[in-house]
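Presented below is the structure to which this report refers.
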Amino acid sequence: MKKEKLIKKYDKQVKMYESNSKNQRLNGLRNRIIKNAYGKVLEVGVGAGANFPYYDRNSVEIMGVDFSSEMIKSAKRSASIYQVTAEFIQEDIDELILEENTFDCIVSTLSLCSYPDPIKILNKFNKWCRKDGSVLLLEHGLSSNPFLSFTQKVIDPLHTKISGCHCNRNINKMLEESSLKIEHIERYWSEIVYLILAKPSKIDSV
Ligand SMILES: C[S@@+](CC[C@H](N)C(=O)[O-])C[C@H]1O[C@@H](n2cnc3c(N)ncnc32)[C@H](O)[C@@H]1O
């Protein structure tokens, strides 16, 4: 899908993401991963700021990135409601250039499904994250249940056309093919939803 079309699609979905942020079941998982965030945090595909209630506002400084202007507006409102220190960049993550080794934590929730080349984005996380930092992911992907994963593969073209996101991503394989190292993984809801704590792999300079 062309980038401009995808941005418009997400602009139009902002109300839906605002109401999804009240989903208690999902919020339990948001809390579980976001409570690990500290220091300088880069939140990619920040959406309507649904994770903001779960940050320890005394210990984080957030840089939120999203290419949808409507999502950024909504995230700014959420930052103000939950009193988190946050700045925002409206930019395509694919084109975003940031200094290496800058962030203590990189957060991505339900966003890897949207990128044309998610491994490239995971490798950017590896670069941007400090050596001792963490990459915190809450993502959805292929179930381990053969019937569900078959269905996810079959409906993916229609799903992507309607929502802008892929439902057939193989999250484990993507991470294995990236430069990140998985430290901890939990799976929920027929193993469709993944909570992942990953670490960057850095080559020591001499
Ligand atoms: C499925 S929503 C998830 C929003 C939020 N992270 C959450 O947990 O509710 C994906 C978000 O990523 C943004 N997005 C998708 N592709 C992007 C890209 N290439 N660059 C920047 N933002 C992108 C969309 O605008 C949208 O806000």
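Order of listing sets the numbers, starting from 1, for every ligand and every atom in it. Nothing fancy with the numbering, it's 1 onward along the sequence. What's counted below: heavy atoms across the whole structure, side chains too, no hydrogens, waters or symmetry copies.
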State whether Lys173 and Glu176 are salt-bridged, where the test is any N-O pair (Lys NZ or Arg NE/NH1/NH2 against Asp/Glu carboxylate O) under 4.0 Å. no
Ignoring hydrogens and angles, state whether a donor on the side chain of Asn145 or Ser190 is under 3.5 Å from an acceptor on the partner side chain. no
What residues join Leu158 in its hydrophobic cluster, counting side-chain heavy atom gaps under 4.5 Å, either direct or through other members? Ile162
Of all residues at least two apart in sequence or in a different chain, which pass the side-chain hydrogen bond (donor to acceptor under 3.5 Å, both in side chains) check with Glu139? Ser108
Smallest separation among heavy atoms of Lys124 and Ile93, with atom names: NZ-O, 2.9 Å
What residues come within 4.0 Å of ligand 1, counting heavy atoms only? Tyr10, Tyr17, Arg30, Gly45, Val46, Gly47, Asp66, Phe67, Ser68, Met71, Glu91, Asp92, Ile93, Thr109, Leu110, Ser111, Ser114, Tyr115
Report the hydrophobic cluster partners of Val154, with the cluster defined as I, L, V, M, F, W, Y residues connected by side-chain heavy atoms closer than 4.5 angstrom, directly or transitively. Phe150
